Amino acid sequence: MGPGPFLDSRRDKLIALAAKIAIPAAYETRATAVAGGLMSYGASVQDGYRQAGIYTGRILKGEKPAELPLLQLTKFELVLNLKTAKVLDIKISPDLLSVADEVIE
């Protein structure tokens, strides 16, 4: 499932539908995996806010916004929901579990 306000506002319904038809689904935001989605992989929202704060501080100290470099998020998070995997009867490999940033049990 991709990002965006349309899909985010229907997150719970989409998670329930995926569970009802027993389809494994991957999402972009951590919040979706926490809410019951199987897994998420995407840029860290928290890191994005941190970078926005740094930019704001630089602008408040007098730097011109047009002269600031364009940054791209580099921190990505993999979140696995083992509760949902169990309901879907999916076994997640130990290798994947070992590289996950967060595992919901």
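Quick caveat: nothing in here was measured; it's all calculated off a predicted structure. In this chain, numbering begins with 1 at the start of the sequence shown.
Residue pairs meeting the ring pair (Phe, Tyr, Trp, His ring centres under 6.0 Å) criterion with at least one partner in residues 77-105, sequence neighbours excluded, do not occur; the list is empty. For residues 80-105, the set of pairs meeting the ring pair (Phe, Tyr, Trp, His ring centres under 6.0 Å) definition, not counting sequence neighbours, is empty. Residue pairs meeting the salt bridge (charged side-chain N to carboxylate O under 4.0 Å, His left out) criterion with at least one member in residues 50-69, sequence neighbours excluded, are D47-R50, R58-E63. For residues 77-105, no residue pair satisfies the ring pair (Phe, Tyr, Trp, His ring centres under 6.0 Å) rule, not counting sequence neighbours. Residue pairs meeting the ring pair (Phe, Tyr, Trp, His ring centres under 6.0 Å) criterion with at least one member in residues 62-100, sequence neighbours excluded: Y41-F76.
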Yes or no on side chain to side chain contact (heavy atoms under 4.5 Å, CB included) for L38 and N81, after CA distance, side-chain angles and deciding distance? CA-CA 5 Å; L38 176 62; N81 189 324; 5.6 Å; no
List the atom pairs, with distances to 0.1 Å, where a side-chain N or O of residues 17-36 and a protein N or O form a donor-acceptor pair under 3.5 Å, not counting sequence neighbours.
residue	atom	partner	partner atom	Å
T29	OG1	T32	OG1	2.9
R30	NE	E102	OE1	2.8
R30	NH2	E102	OE1	3.2
R30	NH2	E102	OE2	3.2

Validation: residues 7-16 side-chain donor-acceptor distances under 3.5 Å, sequence neighbours left out:
residue	atom	partner	partner atom	Å
S9	OG	P5	O	3.2
S9	OG	F6	O	2.9
R10	NH1	F6	O	3.0

Show me the donor-acceptor pairs within less than 3.5 Å that the side chains of residues 86-100 make with the rest of the protein, sequence neighbours left out.
residue	atom	partner	partner atom	Å
S93	OG	L96	N	3.1
S98	OG	D95	O	2.7

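Residues forming a side chain to side chain donor-acceptor pair (under 3.5 Å) with Q46 (at least two apart in sequence, or on another chain): none. With sequence neighbours excluded, the residues that form a side chain to side chain contact (heavy atoms under 4.5 Å, CB included) with E105 are L82, V103. Scanning for side chain to side chain donor-acceptor pair (under 3.5 Å) contacts around Q51 gives an empty result, with sequence neighbours left out.
In the hydrophobic clustering of ILVMFWY residues, with side-chain heavy atoms under 4.5 Å counting as a link, L71 and I54 come out apart.
When all heavy atoms are compared, the tightest approach of S44 to L73 is O-CD1, 4.2 Å.
Through direct or indirect side-chain contacts shorter than 4.5 Å among Ile, Leu, Val, Met, Phe, Trp and Tyr, V45 is connected to Y49.
Although no hydrogens or angles enter the test, the distance criterion places a donor-acceptor pair under 3.5 Å between the side chain of D101 and the main chain of L78.
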